[in-house]
Every structure is written in C-alpha cells, then in structure tokens.
Amino acid sequence: MRFDTVVIGGGLTGLVAGIRLQKAGKETAIVSSGQNALHFFSGSFESIGEPSRDITELFSESGIRLHYQEGVRLMPLGTFRPSALSLEDISLFPKEKFGNKLLLVNIVGYHDFFSSFLSQGLEEADMSCRIRFLNLSDMGINAPGEMRSVQLARTLDRNWEKVVQEVRLLLKDDDTVILPQVFGLEDGSIPGRIRQSLPAQVVFVGTLPPSVPGIRTLQLLKRRYEVLGGTYLMGDEVVQAHLHEGVVHSVVTKNLGQHYLEADNFILCTGSFFSKGLASTPEKVYEPIFGADVSFPPERSDWYNPSFAEKQPYLGFGVCTDAHLKVLKDHTPLSNLYAAGSILGATHPELGMGAGMCLRSALKAADSILEA
Amino acid sequence: MAPNEFDVIIIGGGITGAGTQRDCAMRGLRTLLVERSDIATGATGRNHGLLHSGARYAVNDAESGAECIRENLILKKIASHCIDSADGLFVTLPEDDLGYQATLVEACRASGISAEIIDPDLARRLEPSVNPEIIGAVRVPDASVDPFRLCAANMLDAKLHGSQLRLHTEVSGIIKEGNEVKGIRTRNLITMEESDFYAPVIVNASGVWGEQICNMAGTRLTMFPAKGALLIFAHRVNNMVINRCRKPANADILVPGDTVCIIGTTSSRIPLEECLNVAVTPDEVNLLITEGAKLAPGLLSTRILRAYAGVRPLVSEDNDPSGRNISRGIVCLDHELRDGIKGFVTISGGKLTTYRLMAEMATDMVCRKLGVDKACETAVKALPGSEDGSYEEVAKKIWENPSTSQKAAASRMGSRVSRIRSEDRRDEALVCECEEVSVGEVNAAIDRLEVNSLTDLRRRTRVGMGTCQGEFCACRAAGLLAKAHGSVQRERKDLEDFLQERWKGNFPIGWGDTLREAEYTQWVYKNVLGL
C-alpha cells in the first residue's frame with residue numbers, strides 16, 4: 001500500500017500532522033496502537049502562548065472549541081497552575097480567587113474526584129466552599145465498578161438535565177458550582193449547556209484518568225482526519241522498517257504483515273516511554289523502530305533524580321533530529337523521516353513542552369514535508 | 001494501677017515485639033507495646049516473606065533447622081490466613097555439586113524436616129517456572145508468609161486481650177532507680193507529646209536498634225547489622241519456593257507471595273547509622289537478576305516492581321567487637337544475670353519463622369521475673385482471622401457467591417472479613433484494582449489498627465503493593481484517609497511521601513516497564529492532578 005506520508009502514532013501529534021497533510025491534499029495513513037496520551041489529557045496545552053491561526057482553525061474545523069486566556073486553572077488536588085490555551089471545558093481565571101461562595105458537587109460512591117483536597121485548596125485561596133453529594137442510584141448507576149469517569153459520563157450524558165435540576169436544588173446563594181469533568185464524552189456541547197442552565201459560574205475540574213475531555217478530543221480529531229480522507233489504522237503497530245542508504249522505503253505492521261506501508265515521507269510520533277516510542281534496558285535508551293539516535297547520559301545513575309518531586313532527567317531524553325525535525329541515525333539525517341511530539345523529549349526547547357510542544361512539532365514536521 | 005502503669009512494656013513493633021505482646025497479654029499481663037514508626041517497618045517487613053522449613057539451615061545449624069520446622073508446623077495451624085503453604089524445592093543446577101543434595105537431605109532428617117529427593121522431571125511438572133536444566137530436586141515444606149498480616153494479627157489479638165499499642169512513639173530514655181528499670185520516657189513523633197510509662201519489666205525487642213536501647217538502660221550489646229537486598233517481580237512466576245541446593249549464598253531463594261514473587265538476598269555489613277535508610281545499589285540489582293534467573297529463567301522477561309533492602313539484627317552475645325561469635329540463632333538475654341540490671345530483657349536474633357518461639361522465651365522470662373505462673377498458649381490458639389480454615393471456606397460462609405475481590409479480602413483478613421460485610425454496595429467499590437481492595441476493607445483497617453499514613457495502610461491491606469504500585473489507589477485511599485483524619489493538609493503531604501517512598505524502590509530498577517510506569521506517574525501526579 002502506497003501513501004504520500006505514513007504517520008506512525010495516532011495520538012494528538014499524529015492526528016494534527018495527519019489532518020494538516022490531508023488538508024494540503026496529501027494522501028496519508030496513521031498507524032495507531034490504540035491508547036495514547038490524550039486519554040490522560042488535562043485539557044490545557046502547556047506553554048504554547050497565543051495560538052497561531054493554523055491551530056485554532058484546525059481545532060474549530062474538527063468541532064473542538066479552544067479558548068485562550070493567560071491565567072490559572074484549578075487542578076484536581078486543589079492546587080492552581082498557570083495555563084493559557086485550553087479546551088473550552090477548562091475554566092481559566094485571571095487569579096486564583098475566582099469566586100466567593102462555592103458549591104462543590106461530588107457523586108456518592110465516586111472516589112476518583114477529590115472533593116476534600118479541592119475544598120482545602122479553595123479555602124487556602126480564600127474562597128468558602130461547601131461539599132454536597134449527588135446520589136445517582138436512580139439513574140441506574142449502582143454497581144461500584146461503574147464509578148469511573150468514562151462509565152459515569154456515558155450515563156450522565158443522557159441524564160445531564162436531571163443533574164442540573166439536582167444541582168439547582170442544592171444551590172443557595174453560591175456564586176460558583178464545581179463539578180467533576182464527567183460530562184460530554186461524545187457530545188462536546190454538554191458542558192456548555194450545563195453552564196447555561198445554572199444561575200452560577202460553573203467550573204469543571206479533572207478526575208483520575210481516563211480524561212473525558214481528552215477522549216472526546218481524540219474522537220473528534222480522528223473523525224476530522226477520516227472525513228478528510230485519511231486512513232486511520234486502529235489497533236495496529238509498526239514492527240519493522242525498511243531503510244536503504246538513508247531513505248525509509250516502507251514499514252511493516254503487525255496486522256498488515258506482507259502488505260508493507262510505502263510512502264515518500266514518514267513521521268514518527270510514537271510518544272515517549274509510556275507510549276513505547278522510547279524503550280530502555282539497564283544499559284541504554286533506544287528508539288525501537290528505526291534505531292534512531294537518542295540523547296541520554298551513559299551512566300544510569302544520571303537518568304534519575306532520587307527525589308520524586310524534582311525534575312527527572314529521563315523525561316528530557318528524546319530522539320535526535322536536525323532543525324527540520326529530520327531524524328538522525330548514526331549522526332546523519334534520514335532524508336524522509338521526521339519526528340514530532342513527546343518522542344522528542346526536551347531536545348527542542350524552542351517548541352515548548354507537553355501538549356503544546358506536540359501541536360507545534362506536528363505542524364512543523366508536516367510543513368517541512370509540504371515545503372520540501 | 002494508674003493508666004500509665006503496666007506489668008510489662010515491650011519496645012519494638014516488629015514481629016518479635018508483636019508476638020511477645022500477644023503472649024504477654026494472653027498470660028494476663030497488663031501489656032504496652034511502643035513502636036517508633038509503624039508496625040513491621042524494620043526487618044519484619046523487609047525480607048523474603050519465607051516461612052522456612054529449616055532446610056536452608058539444617059546443614060550448618062541443626063538447632064535453627066529444628067526450631068524452624070517446629071514453628072513452621074505450628075504457624076501453618078495458628079496463622080493459616082497469613083500463610084500460603086506452597087512447599088519448596090531445593091534445586092541443583094548443572095554447575096552445582098550434586099553431592100550437596102545428600103548432605104542436605106541427611107541434615108534435614110536429623111533435624112526432623114521432611115526432605116524428599118524427587119525426579120527433576122517431576123520437579124519441572126510441579127513447578128513449571130523452574131530452570132529446565134536442573135539436575136536434581138528435593139521437596140521440603142517451605143511456605144510463604146505475609147509478615148505484615150502476621151504482625152498485625154498478633155497485635156490485634158493482643159489488643160483483644162486488653163493490651164495497648166502505641167505507634168509512632170519513640171523511646172527517649174529508660175527510667176531507672178539504681179540498677180532497676182522502672183519505665184520508659186517516650187515522645188510521640190506525630191504530636192510531639194512526651195509521656196512516661198512504668199512497668200517492673202521491660203522487653204527490648206527493637207531489632208537492630210537493640211544496641212541503642214541497651215545503651216539507654218546502661219548496658220552494652222553489640223549489633224552487627226547485615227544488609228540484605230531483594231527484588232519484587234510483578235507476577236507470581238513460581239508457585240513453590242525455589243531454593244538453590246548449595247551452601248547458602250547470594251540470591252538463592254525465590255519466594256512467591258500473593259500476586260508477586262521475591263528474589264533475594266545479598267548480605268553485607270553496614271554501619272548502624274545507615275540502617276534507617278538502606279539503598280539498593282546497581283551491583284546488587286545486577287547480581288539478584290543474574291542469580292535469580294538461574295532459578296527461574298522467566299524472571300528475565302518479568303517486570304521488576306521494586307528493589308528494597310532490610311537489615312538483619314545479628315547479635316554478638318559476648319560483645320566481641322570482631323563479630324566472630326555472631327549468632328544467627330535466638331538471643332534472649334536476662335540483663336539481671338548478665339549485667340546486674342533488674343527487670344530488663346533483650347530478645348533478638350532469630351528469624352521471622354521462629355518469632356513465636358522467641359516471644360515465648362521472652363514471655364517465660366518476663367513471667368519468671370513477675371512471679372506469674374501461667375503456661376504459654378500461643379502455639380495452640382489460632383490468631384484472629386485464622387480460626388476458620390482456608391479463605392475460600394471463609395468467603396463461602398459469608399457470601400453466597402463470593403466475587404474475586406471478596407475472596408481476595410478473605411485471603412487477607414481471614415475470618416475477620418465478616419467485619420467488613422456491609423449492606424451498602426458502595427463499600428464494595430475498589431480502591432486498589434491490582435490487589436482488589438475495597439472501600440469497606442480500607443475503612444475496616446482504619447478502624448481496626450491505627451492507620452496514620454498511606455504506607456501504614458499499605459502494610460495492613462496491600463493497597464498499592466500490586467502491579468501499579470499505587471498509581472491511582474494512593475489517591476483514592478488518600479481521600480478516605482483525609483476523611484478519617486479530618487486533615488487534608490496532612491494527607492497531601494502523606495501522598496507526596498508515599499510517592500517518594502515508591503520512587504525510592506523504583507529508580508534502582510528504572511528501565512523497561514518500570515520506567516514507563518514512572519513516567520506515567522510523573523505525568524499523572526504533576527501535570528494532570530497538580531500535586
């Protein structure tokens with residue numbers, strides 16, 4: 001099978017690069033192993049600054065509403081973090097004190113939303129906060145095993161109006177309502193509709209993974225990519241690459257076997273350690289598909305900081321590239337393989353960090369291909 | 001008697017102290033146990049979790065071997081819910097001297113340990129994970145034991161017999177009148193409150209810290225702390241204990257336990273100052289993996305969960321600083337006879353397997369000093385949780401159709417699992433998915449035996465001991481603890497400490513899947529949850 005570009009990795013980076021290339025009229029395929037970091041997405045693109053038009057357009061055309069405001073957002077353990085570009089679900093505040101009287105609504109039997117930690121953090125930020133619990137047993141949520149974010153969201157998306165009614169009954173003179181982020185798994189308009197239906201500011205706060213807004217973002221980007229004619233190979237992974245004299249000719253996947261995926265260009269966005277884009281043994285850190293160069297110190301003791309709270313060196317390890325994000329192998333760029341996303345580690349500080357870096361490097365890699 | 005007066009005070013909340021507390025309480029003594037940290041935080045919780053058959057010691061130390069098998073058989077009866085009677089193998093590899101097998105079997109017979117030479121083919125069938133190259137195998141009645149559960153059950157029974165337990169309480173001095181001990185000065189390390197407690201007899205069961213306690217009492221005891229490093233693997237690779245059939249050496253025992261298995265150990269002398277924070281070195285990790293894979297090659301492809309080390313409290317009975325007379329056996333010292341200090345007893349040395357016997361010896365000495373004439377019953381009376389046989393029978397008595405998590409709870413709590421039985425299905429929600437620990441079980445643990453932190457909770461319920469090492473359950477449990485203690489600030493700090501403790505055991509083995517999980521934890525706690 002032949003494509004203009006084959007993208008290896010179907011997370012945020014792969015989808016953004018794929019959409020960009022499809023829109024430019026290229027024929028592409030994405031090989032996706034299934035789960036990716038969007039399942040744990042906080043909803044904010046760290047350190048990106050004001051987004052370019054490319055980015056806002058790409059998301060709005062996918063049906064994902066972003067907003068940009070330099071400020072802070074409330075974290076699930078009751079702390080605040082500087083944030084700017086975010087999904088619309090995520091409330092951004094100019095300063096930590098965003099209300100006076102807060103009503104924090106949790107769900108009976110749900111242990112993945114930390115109302116006591118939150119209320120402590122809110123009180124430290126000089127806001128008064130009372131916690132109330134909703135009982136969802138009459139919505140058919142009884143089994144303890146159903147008390148996880150995605151399962152809750154499936155039920156609550158059908159019953160969100162009932163939730164609004166219950167919350168209305170709890171509201172007194174509170175100016176803000178805090179709810180867990182368990183709304184809008186498929187229909188992204190639900191959080192906004194809840195906001196409109198309540199006579200108070202509504203703030204959605206994250207839960208333990210999986211992330212409901214993250215999964216929705218993944219589904220919408222994937223749908224957009226497929227509408228543009230892209231081929232998303234779900235549940236497959238690249239097991240081998242064929243290279244000849246510095247050029248990648250094709251890759252072999254687990255499901256397609258002898259039907260190699262051939263392309264003019266390849267983008268490697270398989271993520272870092274957790275997503276298996278980088279692998280490690282006691283002796284080395286390596287990139288398993290192409291054997292690309294990876295920057296890491298030789299002594300294993302230099303990989304870690306013994307203090308968990310400190311910055312961990314290994315999180316900065318990444319695949320080496322040139323300025324156009326062309327992947328280096330034995331210190332020489334491969335002519336048609338680009339790397340983007342978390343697999344770069346901290347090797348390109350100019351692109352930012354986290355999900356923001358994923359967006360920027362994805363567009364940069366796609367543009368390098370389009371300009372070549 | 002005033003509330004701060006007791007018949008006997010025990011210093012140290014490891015298995016020796018816990019066993020002594022139970023025995024003293026069962027003989028009707030007003031008993032107090034003080035522990036500087038939490039239960040089973042020293043050598044008790046930092047070993048293989050092996051209930052020795054005695055075969056390991058039979059060749060070099062027949063007395064220890066005989067003690068082990070006697071206690072092994074007793075504990076299988078009285079502590080059945082803490083023990084997994086899987087039996088053990090002593091395997092001979094091609095590079096080993098097969099002649100040692102006969103030496104071992106003969107020594108076992110002399111010590112009363114059943115040791116049966118079996119065909120290597122049968123051994124491979126009984127234990128499919130064993131190195132297929134083995135040229136010899138001996139079957140012995142080894143088993144695995146959960147030391148946390150065992151320790152907690154002893155303390156719980158002591159509590160049921162009226163004894164008091166004070167955790168996070170450090171002994172800052174021994175109160176003496178002339179050559180007679182009268183009590184202890186203590187400081188609670190959480191509240192910083194200082195209290196004195198009085199008793200005519202004090203038992204020093206503080207393991208490697210016995211030297212310091214003896215100093216406080218005005219006598220000398222020379223400890224030879226020996227560090228032993230171990231690795232926990234993420235799966236239960238083997239079902240039987242696998243020992244190397246040769247003279248005891250490094251990394252020659254692989255023990256299954258609950259959902260995991262443990263290889264160890266190394267042995268190296270360390271200074272007393274380092275005992276509170278022992279770190280595992282890369283060389284030790286390499287040695288454990290290489291030698292461990294010779295017993296069960298599957299270990300090479302199994303994820304390592306954690307590296308940790310314990311310190312054996314070895315004692316030189318005659319205070320010879322060279323350590324030539326280090327005893328690996330039980331050391332029960334009457335300091336009145338030895339040093340002229342009245343009312344002071346030290347119990348040390350020994351093994352996890354022989355804790356009950358050690359407790360009996362110490363308690364006999366206490367009773368003699370107090371003039372109490374009551375026989376020891378700890379060898380015949382079951383521990384709380386072990387009265388009703390196997391966990392499957394226990395679960396069936398309570399639930400019509402026990403779920404896997406109910407069975408898991410029954411295997412941890414034994415018959416006491418009925419205490420968490422609840423009409424409210426919400427209590428069945430799982431806090432820890434790897435070990436299937438429910439909200440009800442966590443709350444029962446908080447009620448039953450003082451739980452101050454997430455690591456305390458882990459020792460009582462296995463929350464966070466499984467494959468994910470507390471990825472999400474730490475957070476869920478922290479929520480429950482915050483509620484129980486009414487302090488979120490304290491709980492946030494606790495969560496940070498828990499993650500640090502977990503990282504300490506992870507970075508020495510930080511590659512492969514362990515590094516993947518570590519990266520995920522960094523991401524979740526720092527970027528998603530905002531710790």
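What you are looking at is a predicted structure, and each value in this text was computed from that prediction instead of being measured. Lettering of chains follows the sequences in order, A, B, ..., and the numbering in each one begins at 1.
With a 6.0 Å radius and a threshold of 12 heavy atoms from other residues, nucleotides or ligands, A:E70 has its CD atom at or below the threshold. Sparse packing is recorded around NZ of B:K483, with 12 or fewer heavy atoms of other residues, nucleotides or ligands lying under 6.0 Å away. No more than 12 heavy atoms of other residues, nucleotides or ligands shown are found within 6.0 angstrom of NZ on A:K311.
Of the two parts of B:A478, the backbone and the side chain both hold a non-hydrogen atom closer than 4.5 Å to a non-hydrogen atom of chain A. Within the 4.5 angstrom heavy-atom criterion, only side-chain atoms of B:L495, from C-beta onward, approach chain A. If you measure heavy-atom distances from B:A518 to chain A, the contacts under 4.5 Å come from both the backbone and the side chain. For A:A279, no part sits under 4.5 Å from any heavy atom of chain B, backbone or side chain. With a 4.5 angstrom heavy-atom cutoff, A:T281 touches chain B only via backbone atoms. For chain A, no part of B:E501 is nearby; none of its heavy atoms comes within less than 4.5 Å. Both the backbone and the side chain of A:S272 come within contact range of chain B, each with at least one heavy atom under 4.5 Å from a heavy atom of that chain. Contacts of A:E123 with chain B are absent, with no heavy-atom separation under 4.5 Å from either backbone or side chain. Using a 4.5 Å cut-off between heavy atoms, B:K526 touches chain A through backbone and side chain atoms alike.
Of the residues considered (B:L480, B:I509, B:N527, B:I289), B:N527 shows the highest number of contacts with chain A, using heavy-atom pairs under 4.5 Å. Interface check for chain B: of the options A:F117, A:F114, A:W303, the most heavy-atom pairs under 4.5 Å are formed by A:F117. Among the candidates B:A482, B:G510, B:G479, the residue making the largest number of heavy-atom pairs closer than 4.5 Å to chain A is B:G510. When A:G121, A:P282, A:S275, A:P209 are compared by the number of non-hydrogen pairs under 4.5 Å with chain B, A:P282 comes out ahead. When each of A:S307, A:G206, A:A309, A:S301 is checked for heavy-atom pairs under 4.5 Å with chain B, A:S307 comes out on top.
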**OP:** Check the pair A:E124 / B:Q489 against side chain to side chain contact (heavy atoms under 4.5 Å, CB included), numbers first and verdict last.
**Re:** CA-CA 10 Å; A:E124 280 165 16; B:Q489 261 159 325; 3.7 Å; yes
**OP:** Take A:R148 and B:L430, measure what side chain to side chain contact (heavy atoms under 4.5 Å, CB included) needs, and give me the verdict at the end.
**Re:** CA-CA 10 Å; A:R148 297 288 183 255; B:L430 292 183; 4.3 Å; yes
**OP:** Give the C-alpha distance, both sets of side-chain angles, the deciding distance and a yes or no for side chain to side chain contact (heavy atoms under 4.5 Å, CB included) between B:R476 and A:L208.
**Re:** CA-CA 9 Å; B:R476 291 190 190 113; A:L208 273 187; 3.8 Å; yes
**OP:** Could you check B:Y520 against A:F40 for ring pair (Phe, Tyr, Trp, His ring centres under 6.0 Å), going step by step and ending with a plain yes or no?
**Re:** CA-CA 9 Å; B:Y520 184 60; A:F40 328 108; 4.7 Å; yes
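In terms of heavy-atom proximity, B:Q522 sits nearest to A:Y314 at CG-OH, 3.5 Å. Closest approach of B:P282 to A:R300, counting heavy atoms only: CB-NH2, 4.2 Å. In terms of heavy-atom proximity, A:S280 sits nearest to B:G512 at OG-N, 2.8 Å. Minimum heavy-atom separation, B:V528 to A:S42: CA-CB, 4.5 Å. Listed here is the closest heavy atom pair of B:L529 and A:M75: O-CB, 3.4 Å. For the residue pair B:C475 and A:L77, the shortest heavy atom distance occurs at SG-CD2, 4.4 Å.
Judged by distance alone, the side chain of B:Q500 and the main-chain N or O of A:F308 form a donor-acceptor pair under 3.5 Å. At distances below 3.5 Å, not a single donor-acceptor pair connects side-chain atoms of A:T79 with backbone N or O atoms of B:L531.
B:R492 is listed as a side-chain neighbour of A:Q120, based on a closest heavy-atom distance under 4.5 Å.
Between atom CD of residue A:Q312 and atom CD of residue B:E519 there is a gap of 11.0 Å, rounded to the nearest 0.5 Å. To the nearest 0.5 angstrom, B:W503 atom CH2 is 6.5 Å from A:Y304 atom OH. With values rounded to the nearest 0.5 angstrom, B:E517 atom CD is found 7.0 Å from A:F274 atom CZ.
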